[in-house]
Amino acid sequence: MTENLQLTQLVDACRWIGAKGWAPATGGNMSVRQDAQFCWLSESGKDKGSLTEQDFLQVEIATNRAPSGRKPSAETGLHTLIYRLFPDANAVLHVHTVNATVLSRLVKTAELKISGFEMQKSLTGQTTHLDTLAIAVFDNDQDIDALASRIAHYAQERPLNYGFLLRGHGLTCWGRDVAEARRHLEGLEFLFECEMRLRQLERV
Ligand SMILES: CSC[C@@H](O)[C@@H](O)C(=O)COP(=O)(O)O
Ligand SMILES: [Zn+2]
């Protein structure tokens with residue numbers, strides 16, 4: 001394995017995600033970039049809270065192929081899309097939190113708009129609660145190639161930063177390294193929780 005590969009940090013992040021209850025019943029998948037050509041992705045169907053380094057498979061970013069012949073995540077095509085779209089993205093985390101799953105169904109539009117929260121500043125580049133953060137929400141699809149092409153199309157038209165929601169499914173987010181991807185995940189999840197509670201209290 002490559003020396004700078006952040007697999008140890010990713011395994012730690014997966015345990016943290018599992019402990020939070022954000023990857024129930026084998027849901028979720030996680031990866032790190034090796035270089036421009038390859039990334040390492042969680043094997044399909046495993047409990048993501050108890051992965052070891054051996055549970056990650058090398059995958060070719062351009063083709064989604066795993067040279068080992070083992071089966072990488074069913075959502076491999078979304079991870080590799082992110083690595084192709086964003087050369088600075090080096091870690092991708094996909095989770096099935098209750099807040100992401102429910103809130104993405106409450107939002108009937110293409111974006112979840114968030115404003116007024118100090119914790120927006122947990123996302124790289126955000127400097128004030130006064131800005132409006134737009135998180136893209138895509139209809140879920142079992143055809144990952146079709147879903148990936150809808151996401152790619154969106155990214156051509158509008159900024160796609162930090163992560164996106166899959167309606168009724170979960171959150172996929174990324175960062176320049178595992179630490180930043182974790183911060184984005186924790187920050188977004190906190191914002192989703194706040195938004196959910198506000199909507200419940202305000203009955204929006
Ligand atoms: C528990 S079913 C969830 C899967 O369909 C999928 O959405 C998921 O996140 C995990 O798939 P995996 O192939 O293990 O990476
Ligand atoms: Zn999923």
Side-chain angles (χ1 to χ4, degrees), residues 6-7 9-34 38-61 63-85 89-107 112 135-152 154 160 162-175 178 181-182 184-186 188-189 192-193 196:
Q6 288 206 304
L7 219 40
Q9 292 90 329
L10 186 62
V11 167
D12 283 350
C14 292
R15 300 234 166 102
W16 168 74
I17 286 167
K20 292 271 195 186
W22 292 348
T26 76
N29 31 74
M30 300 80 182
S31 70
V32 282
R33 184 198 288 277
Q34 175 184 318
F38 291 104
C39 62
W40 289 77
L41 250 150
S42 47
E43 189 163 16
S44 186
K46 297 231 158 144
D47 170 18
K48 309 311 185 309
S50 50
L51 298 177
T52 68
E53 295 197 11
Q54 283 64 46
D55 295 314
F56 288 85
L57 317 183
Q58 192 185 39
V59 171
E60 194 174 24
I61 290 170
T63 63
N64 296 332
R65 260 186 4 95
S68 65
R70 285 158 67 194
K71 189 171 181 276
S73 169
E75 284 148 17
T76 291
L78 303 186
H79 290 249
T80 55
L81 172 71
I82 291 161
Y83 292 128
R84 287 195 301 275
L85 285 177
N90 291 307
V92 178
L93 303 173
H94 166 67
V95 293
H96 291 188
T97 71
V98 172
N99 288 323
T101 303
V102 175
L103 190 55
S104 59
R105 289 190 58 166
L106 285 177
V107 176
L112 164 66
I135 301 296
V137 185
F138 300 102
D139 284 337
N140 195 30
D141 201 324
Q142 300 305 324
D143 181 340
I144 296 298
D145 290 343
L147 179 53
S149 67
R150 274 193 281 125
I151 296 169
Y154 176 99
L160 184 61
Y162 316 117
F164 53 77
L165 285 162
L166 299 176
R167 197 166 270 116
H169 179 163
L171 167 71
T172 299
C173 64
W174 54 88
V178 172
R182 268 178 82 144
H184 288 166
L185 167 55
E186 195 167 25
L188 286 168
E189 175 55 26
F192 296 161
E193 169 94 33
M196 284 279 287

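Ligands are counted one by one from 1 in listed order, and the atoms in each one are counted from 1 as well.
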* **Which atom of His94 approaches the Zn ion (ligand 2) most closely (N/O/S)** => NE2
* Asked: Tell me the salt bridge (charged side-chain N to carboxylate O under 4.0 Å, His left out) pairs involving residues 14-25, sequence neighbours left out?
  -> Lys20-Glu186
* Worked check of salt bridge (Lys or Arg N to Asp or Glu O under 4.0 Å) between Asp12 and Arg182 -> CA-CA 10 Å; Asp12 283 350; Arg182 268 178 82 144; 5.8 Å; no
* To do: Not counting sequence neighbours, which residues clear salt bridge (charged side-chain N to carboxylate O under 4.0 Å, His left out) with Arg105? List them please.
  => none
* Structure fact -> Of all the N, O or S atoms in His96, the one nearest to the Zn ion (ligand 2) is NE2
* To do: Using side chain to side chain donor-acceptor pair (under 3.5 Å) as the criterion, list what pairs up with Thr52, not counting sequence neighbours.
  => Gln54, Asp55
* Structure fact -> Only residue of Leu10, Val11, Leu51 satisfying side-chain contact (heavy atoms from CB on, under 4.5 Å) with Ser42 is Leu51
Show me a pair-per-line table, with atom names and distances to 0.1 Å, of protein N or O atoms that are under 3.5 Å from an N or O of ligand 1.
residue  : atom   : partner : partner atom : Å
ligand 1 : 7 (O)  : Glu75   : OE2          : 2.5
ligand 1 : 7 (O)  : His96   : NE2          : 3.4
ligand 1 : 7 (O)  : His169  : NE2          : 3.0
ligand 1 : 9 (O)  : Gly28   : N            : 2.9
ligand 1 : 9 (O)  : Asn29   : ND2          : 3.3
ligand 1 : 9 (O)  : Glu75   : OE1          : 3.3
ligand 1 : 9 (O)  : His94   : NE2          : 3.4
ligand 1 : 9 (O)  : His96   : NE2          : 3.0
ligand 1 : 13 (O) : Ser44   : OG           : 2.6
ligand 1 : 13 (O) : Ala74   : N            : 2.8
ligand 1 : 14 (O) : Gly45   : N            : 2.7
ligand 1 : 14 (O) : Lys48   : NZ           : 2.7
ligand 1 : 15 (O) : Asn29   : ND2          : 3.0
ligand 1 : 15 (O) : Ser73   : OG           : 2.7

* Could you tell me whether a side-chain N or O of Arg70 sits under 3.5 Å from a main-chain N or O of Glu43, the two making a donor and an acceptor? => no
* Run the numbers on Leu171 and Glu189 for side chain to side chain contact (heavy atoms under 4.5 Å, CB included), then give the verdict. => CA-CA 9 Å; Leu171 167 71; Glu189 175 55 26; 5.6 Å; no
